[in-house]
S.K.: 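Shown below is the structure under consideration.
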Amino acid sequence: MPRDDHEGMQMQLPYSQRPEWQDVMPVPQDDGPEPLAVISYPPGFVEVHDYFRAIQQKGELTLRALWLTADVIEQNSANYTAWYYRRRCLREVKADLYAEHRFTDKWARDCPKNYQVWYHRRWLIMEMAQELRSGGEADAEKEVTELAERELEYHMDCMQVNDDYKNYNGWSHRQFILQKFGLWSKELPFVEELLRDDIRNNSAWNHRHNIVRNECWPVTEAVRHREVDFALNSIRKCASNECSWNYLGAYLGEGEGKVPWTSVPALEALCQEVLALAAGPEHFCRFAVEALANIHEARVEVQDAIQKYETLKAIDKIRVKYWDWRIALLLKKTGG
């Protein structure tokens, strides 16, 4: 059982005063004979880790060791060794995995950027799924799917509670669950809702492409048309949003699943429309200018493409060397 389920006033005592820990000799941290900079840890931190080192040296995988890891994690939730040792204890004592799942709820919500807790939840979900499947119940697979779907809801809950929709560790966890349990087919409406709320959510854009890669690849003409149209409509809403323009680049140009930049006539018209709204050349949207440069390159309109790159050098000075490189590459390809 997790530490939260263990009752008794003596759990509030220092480990050195608890009767059940009298057989353990704490192992202090060894900083070497001449430590350069000794860290001043709080007393509680020191004691918990001294006992944890002792338990590790003994290789003890017991219920009290499991409770001890909870205290270590309380002191430092990023301690990957404590999480790893906790998993070993959970297996050895055949702990209630659902109780452990509840134990991690707090950590993922309170520390959403903590990679260790998300990895621990991945391990838990896989163990719980295996437990359900090995039970021999007729509806085991249905229960496994429901378990995975609840985990996806939990990820959304964590994003909402923390008002953070761009946390890499959370998104990585979500993609793990989707991949392992084959749930990609229901994911597109979810990501579209996120993009309606925040069209600049680059994590949601990245996730959308992952959905296509896992659900519709090799990409069909119909899917490509749908995705390009989605990006174009997003640009119409917010032309300065780099995410939308980058997403176009996933389907236009050279490479797997892509078609030439000249394949979407509406794109050139949209770029011209965006540039026409600018107060002057110095306020041109660089993404629209670059898209036009790509279109001119695809048509082998070298001078027109170079003109666009020169414009980019003027409005995007931090990347002057990059645009010079693009000009040189174009001239090399065309023999100019």
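FYI, the numbering just counts along the sequence from 1.
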S.K.: For Tyr51, give me all partners under ring-ring contact (aromatic ring centres under 6.0 Å, His included), at least two apart in sequence or on another chain.
M.R.: Tyr15, Trp21
S.K.: The criterion is side chain to side chain contact (heavy atoms under 4.5 Å, CB included); which residues satisfy it with Ala78, sequence neighbours excluded?
M.R.: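 Scan of Ala78 (side chain to side chain contact (heavy atoms under 4.5 Å, CB included), adjacent residues dropped) gives Asn76, Gln116.
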S.K.: Looking at every heavy atom in both Gly32 and Asp30, which two are closest together, and how far apart are they?
M.R.: N-OD1, 2.9 Å
S.K.: Can you name the residues that form a side chain to side chain contact (heavy atoms under 4.5 Å, CB included) with Asn206, not counting sequence neighbours?
M.R.: Gln175, Asn210
S.K.: Which residues satisfy the side chain to side chain contact (heavy atoms under 4.5 Å, CB included) test with Cys285, sequence neighbours excluded?
M.R.: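 Here the qualifying residues are Trp245, Val274, Phe287, Ala288.
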S.K.: Who pairs with Ala204 by side chain to side chain contact (heavy atoms under 4.5 Å, CB included), at least two apart in sequence or on another chain?
M.R.: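 By the side chain to side chain contact (heavy atoms under 4.5 Å, CB included) rule, Ala204 matches Val191, Leu194, Leu195, Asn201.
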S.K.: Who else is in the cluster with Tyr115 when I, L, V, M, F, W and Y are joined by side-chain contacts under 4.5 Å?
M.R.: Tyr119
S.K.: For residues 127-141, which residue pairs qualify under side chain to side chain donor-acceptor pair (under 3.5 Å), counting only residues two or more places apart or in two chains?
M.R.: Arg91-Glu127, Arg133-Glu141
S.K.: Residues two or more places apart in sequence or in another chain: which of them pass side-chain hydrogen bond (donor to acceptor under 3.5 Å, both in side chains) with Trp184?
M.R.: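 side-chain hydrogen bond (donor to acceptor under 3.5 Å, both in side chains) list for Trp184, sorted by chain: Gln179.
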S.K.: With Asp105, which residues qualify under side-chain hydrogen bond (donor to acceptor under 3.5 Å, both in side chains), at least two apart?
M.R.: Arg121
S.K.: Who pairs with Trp217 by side-chain hydrogen bond (donor to acceptor under 3.5 Å, both in side chains), at least two apart in sequence or on another chain?
M.R.: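 Trp217 satisfies side-chain hydrogen bond (donor to acceptor under 3.5 Å, both in side chains) with Glu256 only.
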S.K.: Check which hydrophobic residues are tied to Ile39 through side-chain heavy-atom contacts below 4.5 Å, counting indirect links as well, and list them.
M.R.: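 Via sub-4.5 Å side-chain contacts, Ile39 links to Tyr41, Phe45, Val46.
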S.K.: Considering residues at least two apart in sequence or located in another chain, which fulfil the side-chain hydrogen bond (donor to acceptor under 3.5 Å, both in side chains) criterion with Arg122?
M.R.: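 Expected list: Ser172.
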